[in-house]
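Quick note: residue numbers are just sequence positions, from 1. Quick caveat, the model's predicted, so the values are computed rather than measured.
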Amino acid sequence: MACVLASEVATVLAVMRRNVRWAGVRYGGDDGGAADDEYLDHPLIAGLKSLRRRAASWGGRWPAGDPLLYLRPFLDVVRSDETGAPITGAALSSLHKILSLDLVAPGPGVAGAMGAVVDAVTGCRFEVTDPASEEAVLARVLQVLLACVRGRAAPALANRHVCAIVSTCFRVVQQAGTKGELLQRVSRQTMQEVIRCIFGRLADFDATAIVSDQISKNQDLDAGDLDNGKSDYVCLDSSGDEVGAGLDVVQDKAMMEPLGVPCMVEILQFLCSLLNIAEDMDLSQRMNPIDFDEDVPLFALGLINSAIELSASSIHRHSKLLAFVQDELFRNLMLFGLSLSPLILSTVCSTVFTLFYHLRQELKLQVEAFFSCVILRLAQGRYGASYQQQEVALEALVDFCRQKEFMAEMYANMDCDLQCSNVFEDLANLLSKSAFPVNSPLSALNVLALDGLVAVIQAIADRTGHAHQHHEQTVPEISEYFPFWQLKCGSSNDPDQWVRFVHQQKSIKRKLMVGVEHFNRDKRKGFEYLQGVHLLPEKLDPCSVALFFRYTPGLDKNLLGDYLGNHDEFSILVLHEFAKTFDFEEMNLDAALRLFLETFRLPGESQKIQRILEAFSERYYEQSPHMFVNRDAALVLSYSVIMLNTDQHNVRVKKKMTEEDFIRNNRRINGGTDLPREFLSELFHSICRNEIKTIPEQGAGCSEMSYSRWVDLMWKSKRTSSYIACDSYPFLDNDMFPIMAGPSVAAISVVFDNVEHEEVLTGCIDGFLSVAKLAAFYHLDDVLNDLVVALCKFTTLLNNSYADDPVIAFGVDAKARMATEAVFTIATTYGDHIRSGWRNIADCILRLHKIGLLPGRLTGDTGDDHESSSDSLPSKLGSYTVAPHILPINTPKKTYGLMGRFSQLLYMDAEEPRSQPTEEELAAQRNALETVRKCQIGTIFTESKFLQADSLSNLAGALIQAAGRPQRISSSLDDEGTSVFCLELLITVTLNNRDRIVLLWQGVFEHITHIVQSTVMPCNLVEKAVFGLLHICQRLLPYKENLVDDLLKSLQLILKLDARVADAYCENITLEVTRLVKANATHIKSQMGWRTIISLLCVTARHPDASDAGFEALVFIMSEGAHLSPANFIVSVEASRQFAESRLGSAERSVHALNLMADSVNCLTRWSREVKEAGGEADRILEGIAEMWLRLVQALRKMCTDQREEVRNHALLCLQRCLVVDGISVSSSAWLMSFDIIFQLLDELLEIAQTYSPKDFRNMELSLLHAVKLLCKVFLQSLKDLSVQSSFGKLWLEVLDMVEKFMKVKLRGRRTEKLHEAIPELLKNILLVMKANGILSKSAGGANTLWEATWLQVNKITPSLQSEVFPDNESDSVTKGEQSSPAQEGQTAERPATVQPAAA
């Protein structure tokens, strides 16, 4: 370090010796005598030499003493006015080097040394030899000053020295204006660095440091030159101000202390004074006012911005600095925020943004004022703002919006504060409106507003991830009036408290706004409403009404002024309470009057003006008693000010009042004395320069921030509720998003529609998806549906215009593809909340299907089965079946219809061969296909089981509506393809929602019904409808017991098919029904359900292709009674009869059908046994079983006249088997009915045998034999039950009569041998049984008639039977009570039966 000093000393000496003034000059001694060595050199040179000698003696040990030991020689050179610019510059360079190398380190004496450096440099003097050397010295001065605040010893600087450094730097900046451009740039840059170094140390300061209570007034700056360094340095402290001695002591003490907050306050005060320097300076005619107005304030704002950037995070710890920022600094920023210069506006916005980021909790009302009076005023462009101002204001707003919690905090602190404007709503509306291009193409402003809008929406959407931390809080209704204007939040850090608080405040604010609307129409109704919602007490008091007038925005100021000026006692009390809400302390009379009259319109009546000014004067006098001796003086002067204001600013007044006139008019008004002339003069000029507006702006618009309004704002800021800092939880988003949802969708849609830039389009899509996410999250279904509708329009899929190649057109249109992806992303992600939007989505899907971009099988397998039965069925009609209408890419469209094909044939030769697609076209096709693949459209339907009920219903309804009503004569196959596609999707949705089929079934069934009823020819649509219906029933029957009947009833629709359609699909329908029966027979319980199933099977009995499958299903039902039940017994028997009757199958199948019928009687016996064992209401059930038995008998009886011999004979045997079965409780009446059936059958058989040709009915003799055996056996079976009936005799005679007919029948002209042999034996057997049972007896009292009639008939048949049955050796008398035992009866009855086959 000693070497550094020696080197610097040598350098300065070398420069000095270059000047003849310092070369070889001696000082001291007599003229003729010799002089001492110490007087040989000039003191400046001697000091430098001495320092060199001391430095050599230090060696490697640096002295620990006062730094002035090695700084003073250089400082002396700098201070000397004998040195020229080169020498001063060399000394300054040495000082800069010493300071830069930190040779002046913290320690003893460093404060004095640094102070000496600053004093010497700021007061440096030198001779100017040329302009270049002068600029060099000034540059060196700046370097040294910068080194002072940058080095390790900077904390030792006193506050006054720091202020001196800043002042000197600014003076150099001023002087540089007349110098070279390099010095101008260097000086400004250096001052920036000085400010940064000073304010960058704020974080290191103790918050308890002494700060002056006195902030000095603006320094009167001198823009003159330094005059060769002769000018004194500029000091920032206000030593010339007249202040109290005590304050002077405090201020001097504070400024003498080491670097701290006081100097920073002084520096900011100085920089703020620079903002208004143009107002205090006379501009020369050659100077451009705009350039000057922009240069100095812009430079000062840049310095302020630098200072705030480095210190903002620590300002809140220093009360005086914070107070200055809150008041004077922010007020100046507000004023310059309306500057015409975009640069100034941009710098102001940057500074405010920094302050907001770090100090928003301390600047609540200031931030509100900035947005209301600057950003909203400029960005709206309604107050003469230029395009550049609008752009800068919007850019600043977007920067704020990119802070994720910004809008939430604006809503919580402004919109939910009773005394603040709705900043959030205003900003959201501004962004939405600014995104709309007005009568012009899309501009950068529109895109910029969109960025802000999307940033806000995405911030809200991001917070939904923390929703589990949030619980809704209900706001209790106000049950009685309380002074809510003074309500404060208990804790702004506890979400449970502040969320409840802001919700309550917002609820009150909404009601207040409604009350304002009522009040502006009718004051009485306004008060009544507010009393009804408990925002005013039931009995009005002046204080509550005054608070309502004072703090409620939006009141009609004309009405308010009239009310306050009324003469009634209550209005006067309200007026005085209203005046008490103002704080006029330390406020000039004109400022107080401006503030007071801004809140209402001063009425025109003099008496009302008198009352209003009296209330004002009383309040002003209470708070400023030092100016006036009494209240009357304030009142007279207030009147005088109003008159002066009217005189000066009313165009009708030609002769204006002068200052002297004004002073003369106000003589002796202060208790007989005059007010100070300076006070009145200042008041006069203030009114002349700035009018007091007695007609203030209505509402809470974007008015300018006047001084009086600012004073009122500062007063309110001390009383307002604390600022609420929101975190990442969506406490208020449920209230915020609905406000901006609709305008946001509209704004983003407009931008998306008018822009082609990919980055902007991506931003729009992000905005759309965020809106969708929020709409779904907060259940705003209308917003989501509007969004879907808007996006569907952008897909271009709904356009009616048809491009030559729609696939390529879609693939080329990036915007359409992005919109399509967004639509289906929303549909698959947030489908729960889509309602009417499904209609548009369905139309888009149909369009993609028509142009061939959807895969052939969109939805894959559905439900639980792995095979779709409707797809696996082969079609019988190739000509009628239309494949799904998917046109391959680049394939020309087919022409359908006779005329279309004829025209195509005519012009076939004229068509040119289609060219191969280009690379661009192939790329477009790939893009289109890739887009559709990303959309995953199939998942909408396969995952529909997760949709909410309303959404699912709307989806199904959309598909039905998109399919349209089928016409009996379809216009084109395109329409059919669309209907088929929609039907497939509808069936997919239905099958995937089996647990909620109730929601869908009615609509789906009605749609299928319309298809079936309107179709007269086989086609793909009706095929899909029929088999889809069957498929639905197959899938749902096992799971929906409560819907089994409805599902099966729906199958009746198949029975209503047009004959041609039914014939075409009968086989496949039967296969499906068979599959359904086999899988779900156990689930079919009702009679109606079975009737439907059996009816479908019956239809197939006469269909050549379907009968086998139908019979297979019937066998499955009836075989061994596996699935027979009382519900399906009768219809199953009837179906079996129809299959037995059918000639389409073989005779063996008919016999099988008869066996099924005969075997079914076993079920009846089983059911009878079970009923008897169970007990209970057995009779009624047994009657039902008997009825079923009778229906079985009737069915078999019909088959007994079949033309086919084997079928006819087997039917007779089966009928006999059913009639003689045991275990069924058959009543006598039923037996009688069965005999009627048998008699009819035998009559028909006799008629057939005698009438028809043997070729038609072969071997009728055997059939007659079976028939007569049937009669006899049935008679024996029922004999016991019938014998006790009164009609038995008649029945017995009818039997004998029928036997006689059979005995006498002739076939081909001759009697039948078999019948002649069998009938006597059969008859004998009957007679023996009747004899054994005592039914037929000669001595049986009342039976003589029966006896005689019997033998009369028997003798006609076989005369010898009487002797065989009643031989002569047998007693003619039979005991009446004689009866054989059941065993004997059985043996007797069976004996002839065992012989009968031999006889036959």
| Got a donor-acceptor contact below 3.5 angstrom from the R835 side chain to the D950 backbone? | no

| task | Look at the side chain of S507 and the backbone N and O of Q504, then say whether any donor-acceptor pair between them is shorter than 3.5 Å. | result | no

| message | With rounding to the nearest 0.5 angstrom, report the CZ to NE2 distance, F981 to H849. | response | 5.5 Å

| said: Taking G957's backbone N and O only, do any of them form a donor-acceptor pair with W838's side chain (distance below 3.5 Å, no angle check)? | reply: no

| field | Min side-chain heavy-atom separation E395-E391 under 4.5 Å | value | yes

| message | Under a 3.5 Å distance rule, please check whether T828 uses its side chain to pair with a backbone N or O of T825 as donor and acceptor. | response | yes

| From CA spacing to verdict: side chain to side chain contact (heavy atoms under 4.5 Å, CB included), C935, E821 | CA-CA 5 Å; C935 291; E821 285 189 40; 4.3 Å; yes

| Taking side chain as C-beta onward, heavy atoms only, is I960 less than 4.5 Å from C982? | no

| request: Answer with yes or no whether the side chains of N992 and T942 bring together a donor and an acceptor at under 3.5 Å. | output: no

| said: Using side-chain heavy atoms (C-beta onward) and a distance below 4.5 Å, is E1023 in contact with V980? | reply: no

| field | Heavy-atom closest pair, residues Q505 and C416 | value | CB-O, 2.8 Å

| request: Work out which heavy atom in I987 is nearest to a heavy atom in G1028; give both atom names and the distance. | output: CD1-CA, 3.3 Å

| Is the backbone N or O of E984 less than 3.5 Å from a side-chain atom of K1024, with the two atoms forming a donor-acceptor pair by type? | no

| message | Please determine whether side chain to side chain contact (heavy atoms under 4.5 Å, CB included) holds for the pair D832 and F946, giving the CA-CA distance in whole Å, both sets of side-chain angles, and the decisive distance to 0.1 Å. | response | CA-CA 8 Å; D832 268 349; F946 300 112; 5.6 Å; no

| For G831 and L947, which heavy atoms make the closest approach, and how far apart are they? | C-CD2, 3.5 Å

| query | Any sub-3.5 Å donor-acceptor pair from N429's side-chain atoms to D426's backbone N or O? | reply | no

| P738 to N734 - nearest heavy-atom pair and separation | CD-O, 3.1 Å

| task | Apply side chain to side chain contact (heavy atoms under 4.5 Å, CB included) to the pair D735 and Y411, showing each step before the final yes or no. | result | CA-CA 9 Å; D735 301 320; Y411 182 79; 3.3 Å; yes

| message | Atom NZ of residue position K433 - does it have more than 12 heavy atoms of other residues, nucleotides or ligands inside 6.0 Å? | response | no

| said: With a 3.5 Å distance limit and no angle check, can you tell me whether R817 reaches the backbone of G811 through a side-chain donor-acceptor pair? | reply: yes

| Shortest non-hydrogen contact from L846 to A962? | CD1-CB, 3.5 Å

| query | When you check the gap from the basic side-chain N to the acidic O, do D843 and R839 get nearer than 4.0 Å? | reply | yes

| Do the rings of F371 and F406 sit parallel, tilted or perpendicular, given the 30° and 60° boundaries? | tilted

| request: Give me the ring orientation class for W498 and F731: parallel if the planes are under 30° apart, tilted from 30 to 60°, perpendicular past 60°. | output: perpendicular

| note | Checking D766, D786, I457 against V771 for side chain to side chain contact (heavy atoms under 4.5 Å, CB included), the one that qualifies is I457

| said: Quick check against the 3.5 Å criterion: does N840 have a side-chain atom that pairs as donor or acceptor with the backbone of C792? | reply: no

| said: Between M414 and E409, is there a side-chain heavy-atom distance shorter than 4.5 Å? | reply: no

| request: Please lay out, stage by stage, how W1001 and T990 fare under the test side chain to side chain donor-acceptor pair (under 3.5 Å). | output: CA-CA 8 Å; W1001 178 243; T990 306; over 6 Å; no

| Is a side-chain N or O of D813 found less than 3.5 angstrom from the main chain of K815, in a donor-acceptor match? | yes

| said: Closer than 4.0 angstrom, basic N to acidic O: yes or no for E425 and K506? | reply: yes

| task | Using only heavy-atom distances, determine whether the side chains of S443 and N446 contain a donor-acceptor pair under 3.5 Å. | result | yes

| said: Assess the residue pair F737 and F777 against the criterion (ring pair (Phe, Tyr, Trp, His ring centres under 6.0 Å)); give the C-alpha distance rounded to whole Å, side-chain angles, the decisive distance to 0.1 Å, and a yes or no. | reply: CA-CA 11 Å; F737 178 67; F777 187 79; over 10 Å; no

| Beyond-backbone contact of K773 with Y830, side-chain heavy atoms, under 4.5 angstrom | yes

| query | If we only count heavy atoms from C-beta on, is the L848 to I845 side-chain gap below 4.5 Å? | reply | no

| task | Answer yes or no: is there a donor N or O on one side and an acceptor on the other, between the side chain of T795 and the main chain of A819, under 3.5 Å? | result | no

| field | Side chain proximity check, D415 to I739, heavy atoms < 4.5 angstrom | value | no

| query | Do the non-hydrogen side-chain atoms of Q925 and I808 ever get within less than 4.5 Å of each other? | reply | yes

| Could you walk me through whether T939 and F824 pass the side chain to side chain contact (heavy atoms under 4.5 Å, CB included) check? | CA-CA 10 Å; T939 59; F824 289 106; over 6 Å; no

| request: Measure the CE-CG distance between M407 and L431 for me, rounded to the nearest 0.5 Å. | output: 5.5 Å

| field | Greater than 12 external heavy atoms within 6.0 Å of E930's CD | value | yes

| said: If I compare all heavy atoms of V751 with all of A435, which pair ends up nearest, and what's the gap? | reply: CG2-O, 3.4 Å

